[in-house]
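In what follows, a structure is listed as structure tokens, so that the remarks can point back to it.
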Number of protein chains: 2
Amino acid sequence: MTVTIKDVAKKAGVSPSTVSRVLSNHPRISLETSRKVKAIMEDMGYTPNMMAKSLVSKTTNSICFSLPKPAEELFSNLFFMELIRGIVTQASRSGYDVLISSGANEKEELEAVSRLLKGRRVDGVILLYSRTDDAVIDFLESNDYPFVLVGRSDRYENILSVDNDNVMAAYDATNHLISMGHERIGFVSGPPNLIVSRDRLAGYRKALLNSGLEMRDEWIVEGEFLQDSGYRAMSFFMNLPNRPTALVAVDDMVSFGILRGLNELKYKVPDDLAIVSFNNIPLSELSSPPISSIDIGIYHLGYTASQVLIQNIKSPNHDVGYTNRFVIPHRLIVRESSMYSHAKNKTE
Amino acid sequence: MTVTIKDVAKKAGVSPSTVSRVLSNHPRISLETSRKVKAIMEDMGYTPNMMAKSLVSKTTNSICFSLPKPAEELFSNLFFMELIRGIVTQASRSGYDVLISSGANEKEELEAVSRLLKGRRVDGVILLYSRTDDAVIDFLESNDYPFVLVGRSDRYENILSVDNDNVMAAYDATNHLISMGHERIGFVSGPPNLIVSRDRLAGYRKALLNSGLEMRDEWIVEGEFLQDSGYRAMSFFMNLPNRPTALVAVDDMVSFGILRGLNELKYKVPDDLAIVSFNNIPLSELSSPPISSIDIGIYHLGYTASQVLIQNIKSPNHDVGYTNRFVIPHRLIVRESSMYSHAKNKTE
DNA sequence: CTGTGTAAAGCAAACGGTTCCATAAGGAGG
DNA sequence: CCTCCTTATGGAACCGTTTGCTTTACACAG
């Protein structure tokens, strides 16, 4: 049925080893033989059997992206997809295939990853970091499997990771508002156990401190990465006696909630309240007004994660410590939600 | 290093074949041996090498989802991700892994798919149908590889496919507007070469015909699955002397454009113009007003595609002709954009 | 003419399983 | 007590590649 290396060999009148060597451009193959064999391979439509290859080389040329619990949220979907696109694109350029695995919970995720790695189906794993303690990381680390974390962990020191500088990002976002003349700036945070929430909060604080602006606890509220959190935060802030004139929100979805609330109460953005948030999801420019947002380069995050992982697979010796953490640059996209109202029609 | 079947065999004092049989629950293995071997496998942390397994069984227990050209559009991202989730979930339940492949163009896609299939890296492929002529399908069909199409093709008759009944969906959407009392209903279509555009247009026509309502060519405009198309369509419609009171839009993104335009011109939805569209993306309920939409069950589409493909892989004889096309039910989600205005606060 | 070096190609083992065929042990039937 | 089954297990070939070690065939120096 399928044409194997032996069929080619027979037809070419050489041994299988010769064909194999032609395939891998072995130096000690005469040009003549090489050409002849190649022609015959082409002719017979030979494609190498990856399984057989993998069996002997103990390498699969594929990596696994472990999709966390199916978060039903809009943002997750957009985020994951961008990430996957980055990963797949890079991997494909490096000649690797990408396997998507997912588990309903940590236990399942561990089982899946373990099966894939121990069963030699993939060479390494890209993990999306969400938890603070992680059985999967423990497993990977203790078995010395190549992996890279998208995100940051404070518990694990010497592992490969790709992340944004969220402190700096929040610092930039806040400074932008400050530069627009705002002096009372609030912050809508995410779940406090997420490192990303903590980092962004820290950056916000740093910016205020740096500019000598007032910092009040009541100007910081915690929530989820969801619309509703924004909605609630908004109504809390707007009822404050000395309310903020601008808000930094930890995620664009939160901004949508804020926007909806302000809209209902007939407040104007950015005149009554300016807004900047994070992640720059495609919707950010579609809302009215469009929301200023920090683009964290999700695609790039995935692309780099794949690159780092594959390079680590190829030469595992490279973990020199100081290159373990790769930081993807962010950039602020200024839109109407944080512009001076009289500048509305001028920019963009 | 890794523990193989031979290591287990040696430790258990049996032959490798016996261990293999234990693994596959061969009937002619004594309970005693089975228990002993299983204990030892557990003990030594044995995991079967999938590559070796695949080599002899000529089967990989994995399928490929071929991601079309990276369409940068928002909807594509949401759609793909939902689809992937459906596919991965089902595949995982059936014990299959999912490999994501992508090519920048048709040629690359064909190469990738061909390499994966001929190289015996996957057992089958899920294709997302977009083109009308398809070298990939031709390749799969002529080589008799298992595959399933998400979408519909009019060129290929006897291939497995999973799709919605888009004619019926449009029929339902239009009838909904009719039942709300509208008599002049317009249609914003997608690219005419896409089957989905054609099907939905047909359903719209059918509904009008069925109700004996007027049908005008000027009430039908073509565009893309993009906001801008909606925006333009809107301004065209609103300038018509005898303009429609309701619109069926081929995609939610189009509705957003319509909404934006109406908003700018201070028109009210649904009072001045009612809207229903398709796909029910997560944003549909976030816009103001929320948009009525036909949910096409994307996750379900992916889930079923995987199911159908895997079942076809396992028993290829099953293609009986009349079960080749699987239709995923849609359902209309009525939201504010198509309700009577005085009912605004009553429902939902 | 023999010895040695080198380039090109072949042989066979190995990778980690599965499975057909053979074999040994025990029990039943004659 | 000897056959003949049955049942549980072992042996060995094979899946399609890769690769270390040989072998072959020259060419050239001594």
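Worth saying up front: this structure is predicted, and the values here are computed from it rather than measured.
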- [ ] Indicate whether any N or O donor in one side chain lies under 3.5 Å from an N or O acceptor in the other, for B:T2 and A:R120.
- [x] yes
Open item on the list: Nearest whole Å is fine: how far is D:dT17 P from A:M50 CE?
Closed with: 11 Å
Open item on the list: Can you list everything that forms a side chain to side chain contact (heavy atoms under 4.5 Å, CB included) with A:K10? Sequence neighbours excluded, please.
Closed with: none
TODO: Report yes if the distance between the aromatic ring centroids of B:Y145 and B:F139 is under 6.0 Å, otherwise no.
DONE: yes
Task: Under-4.0 Å salt bridge between B:E111 and B:K107 - done: yes
Just list the side-chain donor-acceptor pairs under 3.5 Å for residues 297-310 of chain B, sequence neighbours left out, or say none.
unit_1, atom_1, unit_2, atom_2, d
B:Y299, OH, B:T89, OG1, 3.3
B:Y303, OH, B:R93, NH1, 2.8
B:T304, OG1, B:H300, O, 2.8
B:S306, OG, B:Q90, OE1, 2.6
B:S306, OG, B:A91, N, 3.4

Task: Protein-to-nucleotide contact annotation, 5' to 3' order, nucleotides 7-17 of chain C [B base; S sugar-phosphate only; - none; under 4.0 Å, heavy atom] - done: SBSBBB--BBS
